[in-house]
There are 2 protein chains.
Amino acid sequence: MKKVSEPTIGRLSLYLRLLLDLSDAGVSTVSSEDLATRSGTTAAQVRKDLSLFGTFGKRGLGYSVNELVTRLRSILGLERRWSVALVGAGRIGAALFGYENFRRQGFYIEAVFDSDPAKVGQSWSGLVVESDDRMEAVLSERSIEIAVVAVPVRAAQAVVDRLVASGVRGILNFAPTQLEVPEDVVVKTVDMALEMEGLSYALTRLNGASGAA
Amino acid sequence: MKKVSEPTIGRLSLYLRLLLDLSDAGVSTVSSEDLATRSGTTAAQVRKDLSLFGTFGKRGLGYSVNELVTRLRSILGLERRWSVALVGAGRIGAALFGYENFRRQGFYIEAVFDSDPAKVGQSWSGLVVESDDRMEAVLSERSIEIAVVAVPVRAAQAVVDRLVASGVRGILNFAPTQLEVPEDVVVKTVDMALEMEGLSYALTRLNGASGAA
DNA sequence: AACTGTGAAAACTTTCACAGCC
DNA sequence: GGCTGTGAAAGTTTTCACAGTT
């Protein structure tokens with residue numbers, strides 16, 4: 001298998017989402033041009049992205065929506081169920097919890113941890129918030145492979161070290177900090193401050209035609 | 001001014017954050033090598049990124065932490081105050097609201113809107129949630145340039161159209177959908193489902209050494 | 001005729017390596 | 001000697017353009 005870039009994977013996820021909409025709408029066939037328009041890229045890009053994993057289309061016809069959904073789910077590893085732990089029972093965690101697409105794509109939150117005794121014992125849509133003392137025990141008991149880290153920066157690295165030691169291999173990190181992990185552990189960081197600063201930069205360039213300083 | 005890429009801007013934001021930590025720690029000088037290690041990139045990359053905007057370092061010595069902070073804040077447009085509106089008074093909004101770095105970097109939430117009558121009138125740390133009917137009036141009254149969109153997918157495009165019509169030029173979008181905006185409006189989308197699927201893909205590759213299908 | 005799959009070209013980004021300054 | 005700034009080289013991603021299939 002050739003090496004596949006991050007942006008390609010992001011686009012495949014996006015195509016999958018669009019294809020699910022099309023499938024719901026009863027559309028059975030789609031062209032690379034159509035997918036490109038809907039996803040804000042080009043037809044050549046769509047074909048290239050897909051061709052990295054096989055030949056899924058029919059020349060002259062396009063792609064079968066349902067077949068492509070199946071293929072993309074397979075490529076992205078979404079045919080199985082993933083057990084997810086949420087560390088930090090704060091507002092970000094709550095937001096994720098309410099995000100229904102989450103479950104629909106096979107991500108099941110199976111444990112919620114917090115270090116605040118006031119939060120431990122609270123019920124979160126059927127799950128009980130556990131003390132972070134119990135992290136190691138619960139993670140291995142429930143075979144959890146993915147964790148969402150939504151704790152303050154100062155606590156993040158220590159939490160991640162414990163997660164990794166307990167077998168977690170994938171981490172979605174909301175703490176605005178650089179995390180150290182072994183190379184067989186994957187971290188994706190969602191950094192809202194970074195995005196806001198990107199906006200600030202872009203707007204500053206757009207308005208003033210002037211330079212940096 | 002040469003064209004500057006998205007990844008470069010992201011790294012500049014990251015350098016800024018690290019420099020602020022260094023400054024707090026009383027460090028006065030930093031080398032490209034040091035910044036590179038802390039940000040997970042290479043010394044050459046750090047120097048190249050910075051050199052796109054000027055020559056800020058001293059050969060043989062490195063960079064002055066405080067000077068570089070000032071320069072980066074200027075480059076990123078963070079020397080001013082940005083007025084931000086939050087559309088959708090749900091859990092994501094609440095999370096952002098509590099995010100103190102936000103204010104520290106000059107982003108002030110000046111208005112919160114929701115279409116749910118039950119939420120309108122509620123107080124959010126001093127701000128009153130307003131009906132979305134009042135969006136146009138409030139946005140122009142308070143000269144709001146940036147909006148955070150945290151509404152369901154089905155409502156997102158309509159909200160964005162109204163924001164744009166009222167002068168908003170930058171949007172941080174949490175709705176997992178592709179938004180249409182005029183080319184002088186900047187959108188950054190934070191898509192957690194996409195990130196989770198990226199994790200799923202990466203973990204699937206890591207474990208099974210086998211191919212896609 | 002319509003549309004895919006794909007090598008080749010173009011564009012872009014990162015890394016190298018070293019001249020130049022402190 | 002230590003470290004930056006930067007052209008040139010290497011590597012990566014996107015776009016082009018067209019042969020090939022239905």
Side-chain angles (χ1 to χ4, degrees), chain A residues 1-15 18-19 22 27-72 75 198 201 211-213, chain B residues 1-15 18-19 22 27-72 75 198 201 211-213:
Chain A
M1 165 85 50
K2 303 138 207 162
K3 227 192 64 218
V4 180
S5 70
E6 283 291 293
T8 294
I9 300 305
R11 286 190 301 265
L12 293 179
S13 274
L14 194 50
Y15 304 155
L18 297 168
L19 287 162
L22 288 169
V27 175
S28 64
T29 280
V30 72
S31 67
S32 56
E33 182 59 45
D34 191 359
L35 264 185
T37 306
R38 290 168 195 272
S39 58
T41 181
T42 65
Q45 183 76 78
V46 170
R47 296 200 299 274
K48 194 66 135 192
D49 287 341
L50 295 174
S51 77
L52 295 173
F53 294 93
T55 89
F56 308 137
K58 293 227 184 335
R59 296 177 193 226
L61 287 173
Y63 301 87
S64 150
V65 171
N66 287 333
E67 189 199 332
L68 206 44
V69 164
T70 304
R71 299 301 199 128
L72 288 175
I75 291 165
Y201 173 82
Chain B
M1 164 86 49
K2 303 137 206 164
K3 227 191 67 221
V4 179
S5 71
E6 283 290 294
T8 294
I9 299 305
R11 286 190 301 266
L12 293 179
S13 274
L14 194 50
Y15 304 154
L18 297 167
L19 288 162
L22 288 170
V27 176
S28 63
T29 279
V30 71
S31 68
S32 56
E33 182 60 45
D34 191 359
L35 265 185
T37 306
R38 290 169 195 270
S39 57
T41 181
T42 64
Q45 183 76 80
V46 170
R47 295 201 298 275
K48 196 62 137 192
D49 288 341
L50 295 174
S51 77
L52 294 173
F53 295 93
T55 90
F56 309 137
K58 294 229 185 330
R59 294 172 194 229
L61 288 173
Y63 301 87
S64 150
V65 171
N66 288 332
E67 189 197 333
L68 206 44
V69 164
T70 305
R71 298 301 199 129
L72 287 175
I75 291 164
Y201 173 83

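Computed from heavy atoms alone, side chains included, the values below leave out hydrogens, waters and symmetry copies. All chains are named by letter (A, B, ...) in the order of the sequence lines, taking the proteins before the strands, and each is independently numbered beginning at 1.
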Once rounded to the nearest 0.5 Å, what's the spacing between atom CG of Leu52(A) and atom CZ of Arg47(A)? 13.0 Å
Can a side chain N or O of Arg11(B) be found less than 4.0 Å away from OP1 or OP2 on dT14(C)? yes
Between C1' of dA17(D) and CD of Glu33(A), the distance in whole Å: 15 Å
Look at Ser5(B) and dC12(C) and indicate whether a side-chain polar atom (N or O) is within less than 4.0 Å of OP1 or OP2. no
Looking at Gln45(B), I'd like to know whether one of its side-chain N or O atoms comes within less than 4.0 Å of OP1 or OP2 on dT15(C). yes
Provide, to the nearest angstrom, the distance between the CZ atom belonging to Phe53(A) and the C1' atom belonging to dT4(C). 18 Å
Quick one: is Ser31(A) getting a side-chain N or O under 4.0 Å of the dC3(C) phosphate, OP1 or OP2? no
Any donor-acceptor pair under 3.5 Å between the side chain of Lys58(B) and the base of dG2(D)? no
Heavy atoms, side chains only, cut-off 4.5 Å: are Tyr15(A) and Leu68(A) in contact? no
Please give, in whole Å, the distance from dG5(D) C1' to Leu61(B) CG? 14 Å
Once hydrogens and angles are ignored, does a donor-acceptor distance under 3.5 Å link the base of dT21(D) to the side chain of Arg59(A)? no
Comparing Arg47(A) and Pro7(A) on DNA chain D - which has the more 5′ nearest nucleotide: Pro7(A)
Closest to side chain of Ser51(B), choosing from dT6(D), dT4(C), dT6(C): dT6(D)
Using heavy-atom distances to pick each residue's nearest nucleotide on DNA chain C, tell me which of Ala44(B) and Val30(A) is more 5'. Val30(A)
Report yes if at least one side-chain N or O of Lys3(B) is closer than 4.0 Å to OP1 or OP2 of dC12(C); otherwise report no. yes
As a test of reading the structure: which of dA8(D), dC22(C), dG5(C) is closest to the side chain of Lys48(B), going by heavy atoms? dA8(D)
So, taking the atom named NZ in Lys48(B) and the one named OG1 in Thr42(B), what distance separates them when rounded to the nearest 0.5 Å? 11.0 Å
dG2(D) phosphate, OP1 or OP2, under 4.0 Å from Tyr63(B) side-chain N/O: no
Is there side-chain contact between Phe56(B) and Ile75(B), with heavy atoms separated by less than 4.5 Å? yes
Thr42(A) side-chain N/O to dT15(D) phosphate OP1/OP2 under 4.0 Å: yes
Rounded off to whole Å, could you give me the CG-to-C1' distance for the Leu52(A) and dT13(D) pair? 11 Å
Side-chain contact, heavy-atom cut-off 4.5 Å: Leu50(B) with Leu72(B)? yes
Please report the distance, rounded to the nearest Å, between CG in Leu35(B) and P in dG2(D). 19 Å
